[in-house]
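Encoded as structure tokens, the structure appears first; notes follow it.
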Amino acid sequence: MLTCAFAGQKKVLAAYEEAVKCGYSGARAGRLHTPHGVFDTPMFMPVGTQATVKAVSPRELKEMGAQIILSNTYHLYLRPGTELVAEAGGLHRFMDWDGGILTDSGGFQVFSLGPLRKITEEGAAFRSHIDGSTQFLSPEIAIKAQMNLGADIIMAFDECIPYPAEYQYAKLSTERTTRWAERSQKAHTRSGQALFAIVQGGMYQDLRRVSANDLVSLDFPGYGIGGLSVGEPKPVMYEMLEQTVPLLPENKPRYLMGVGTPDCLVEAVRYGIDMFDCVFPTRVARNGTAMTKSGRLVVKNAAYAKDFLPIDENCGCYACQNFSRAYIRHLLKADEIFGLRLTTIHNLYFLLDFTKKMRQAILEDRFLSFREEFLAQYCK
Ligand SMILES: CNc1nc2c(CC[C@H]3O[C@@H](OC)[C@H](O)[C@@H]3OC)c3nc(N)[nH]c(=O)c3cc2[nH]1
Ligand SMILES: [Zn+2]
């Protein structure tokens, strides 16, 4: 069924269709409607923090099946400035990407910049990591910046609570993030753009439930789950998902921020997560590590000097279809840019293809056996 809620004159575009449940798990396959297309979930979203997915072109992203890519308001706000991007015709035009775009609000960067920041009810003052200038972000400024960028899905301004955090701090911060979500909603006046709230609560079950319930009552078209993948043990992350996801509306998208490796993806899908982003595949690729269904393969290792097989013989990516481990290792050792381009292409393709395989398993009602088989052979 198609659900497309209309909030006043603002048409909610992250509508949810075809939420299909399977087995005892909350896994579901859905369709996300945006002004730049209809996209299948579960989905992995390549991260293009500074308006480029490092080392790959929009054409290559399209070829490997990327649907929605991410950019980051914090970085683009500092450089080149979001007004400039608006003058260029918006982020899609600026980076020549006609698929979906989601922008993060900058909450994570501001708070992960450590002691140089000051948080008040109004917002967060911080020093630019580029030129050390004093900067300030508030819900209103972050939403205005994202309206300038023109992404299809934007995120409310939030505080990503560090791990570990005292209960009292987590409680006060989560309550403030909910007030900031309301301010983000009021500041969001651009139709044709969906604003997602971000659930916080630290690693405290009760705070997670309060955060989810409070944000659901504010009626957003989709929900990010934040404050995870910040160094907590994986079982703690799964426990927080178990507490949070069932409280979120079934017919709206759930986006687990900053996750992750394939073992985390398959567990999170089981809990009912639809969307993922992570810098991991592109980051590890740049130091010569490839992702495979049995774990990581460090192509740079001497063991592959004369290995003329592809990274993965069953992989359909450009790197595996045309080049050997020996060649890619040679390029990486010689600091040739093409080497890290090939490992990046492979890692992105691997995760995009992995989410496609999970979707197919859900639609064929065999997700739980898919998960068992994958976890049995994957070494973390
Ligand atoms: C890695 N783990 C993780 N990432 C997270 C991000 C995105 C990082 C943002 O920063 C860059 O990735 C480091 C990416 O640019 C991404 O946005 C696109 C989060 N963003 C917000 N607003 N709130 C959160 O609670 C949050 C939690 C995270 N946990
Ligand atoms: Zn490959």
Side-chain angles (χ1 to χ4, degrees), residues 45-54 64 68-77 91 101-113 124 129 137 139 142 146 149 151 153-163 165 170 173-174 177 180-181 184 196-202 208 211 223-232 237 240 244 255-261 264 275-283 285 290-293 297 299 309-325 328 341-354:
M45 305 181 285
V47 174
T49 298
Q50 301 189 99
T52 167
V53 177
K54 290 179 172 44
M64 60 175 79
I68 295 181
I69 61 175
L70 263 63
S71 258
N72 196 285
T73 304
Y74 164 84
H75 292 85
L76 297 174
Y77 176 79
L91 207 43
I101 296 181
L102 181 151
T103 45
D104 191 15
S105 55
F108 185 87
Q109 270 65 30
V110 167
F111 303 110
S112 59
L113 283 177
H129 71 289
L137 271 182
Q146 293 181 89
L149 296 173
I153 301 174
I154 67 173
M155 304 308 287
F157 187 67
D158 66 324
E159 178 183 2
C160 174
I161 299 170
Y163 173 78
S173 168
T174 299
T177 283
W180 282 358
S184 297
F196 282 17
I198 303 177
V199 178
Q200 292 292 344
R208 283 277 165 186
S211 177
Y223 296 88
I225 298 177
L228 296 177
S229 185
V230 288
E232 78 281 7
M237 177 167 79
M240 291 306 117
T244 311
Y255 160 29
L256 178 53
M257 304 186 83
V259 175
T261 49
C264 293
M275 302 160 73
F276 300 91
D277 91 271
C278 190
V279 294
F280 177 83
T282 38
R283 188 168 288 171
M291 299 172 73
T292 74
K293 58 185 181 308
L297 189 150
V299 188
L309 294 174
I311 290 173
D312 176 349
E313 287 181 293
N314 302 314
C315 177
C317 87
Y318 173 61
C320 294
Q321 292 297 309
N322 298 288
F323 305 98
S324 69
R325 294 167 177 182
I328 296 172
R341 274 182 32 76
L342 289 172
T343 47
T344 301
I345 287 167
H346 168 78
N347 284 356
L348 287 173
Y349 183 98
F350 172 80
L351 273 183
L352 290 164
D353 185 53
F354 185 63

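Every number for a ligand or one of its atoms is a count from 1 in the order of the listing.
Close contacts of ligand 1 with V47, meaning ligand atoms under 4.0 Å from a residue heavy atom, involve 14 (C), 15 (O). Atoms of ligand 1 lying under 4.0 Å from any heavy atom of D158, numbered from 1 in the order shown and given with element: 21 (C), 22 (N), 23 (N), 24 (C), 25 (O). Annotation for ligand 1: atoms under 4.0 Å from non-hydrogen atoms of G227 are 24 (C), 25 (O), 27 (C). Heavy-atom contacts of S229 reach the following atoms of ligand 1: 1 (C), 2 (N), 3 (C), 29 (N) (cutoff under 4.0 Å). Less than 4.0 angstrom separates some heavy atom of G226 from each of these atoms of ligand 1: 24 (C), 25 (O). In the vicinity of T49, heavy-atom distances shorter than 4.0 Å reach the ligand 1 atoms 14 (C), 15 (O). When each atom of ligand 1 is checked for a heavy atom of V279 under 4.0 Å away, the hits are 12 (O). Near I198, the atoms of ligand 1 lying under 4.0 angstrom from a non-hydrogen atom of the residue are 22 (N).
A donor-acceptor pair under 3.5 Å is absent between the side-chain atoms of T344 and the main chain of A285, judged by distance alone. The backbone N or O of Y349 sits nowhere less than 3.5 Å from a side-chain atom of D353 that would complete a donor-acceptor pair. Not a single donor-acceptor pair under 3.5 Å links the side chain of Q146 to the backbone N or O of A151.
Proximity of Q200 to ligand 1 is established by a heavy-atom distance of less than 4.0 Å. Ligand 1 does not have M155 within reach: every non-hydrogen atom of the residue lies 4.0 Å or more from it.
The two residues L348 and P46 make their nearest non-hydrogen contact at CD2-CB, 3.9 Å. Closest approach of L102 to I68, counting heavy atoms only: N-CG2, 3.9 Å.
Atom 16 (C) of ligand 1 has N72 ND2, 3.7 Å as its closest protein atom, hydrogens excluded (heavy atom only). If you check which protein heavy atom lies closest to atom 29 (N) of ligand 1, you get L228 O, 2.8 Å. Nearest non-hydrogen protein atom to atom 18 (C) of ligand 1 is L70 CD2, 3.4 Å. The protein heavy atom nearest to atom 7 (C) of ligand 1 is D104 OD2, 3.2 Å.
Expressed to the nearest 10°, the angle at the Zn ion (ligand 2) joining SG in C315 with ND1 in H346 is 110°.
Within the set A142, G258, C278, the minimum heavy-atom distance to atom 3 (C) of ligand 1 is found for G258. The heavy atom nearest to atom 5 (C) of ligand 1, considering only F108, Y163, Y74, is found in F108.
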Please evaluate residues V230 and C160 with respect to the criterion side-chain contact (heavy atoms from CB on, under 4.5 Å), reporting the C-alpha separation (whole Å), side-chain torsions for both, the decisive distance (0.1 Å), and the verdict. CA-CA 9 Å; V230 288; C160 174; 3.7 Å; yes
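Rounded to the nearest 0.5 Å, atoms CG (N72) and CD (Q109) are 4.0 Å apart. How far CD1 of I101 is from CG of L91: 4.0 Å, rounded to the nearest 0.5 Å. Rounding to the nearest 0.5 Å places OG1 of T103 at 9.5 Å from CD1 of I153.
Geometrically, ligand 1 and Q109 share a nitrogen or oxygen pair separated by less than 3.5 Å.
Relative orientation of the H129 and H75 rings is perpendicular, given thresholds of 30° and 60° on the angle between their planes.
Between the side chains of S211 and Q200, no donor-acceptor pair is found at a separation under 3.5 Å.
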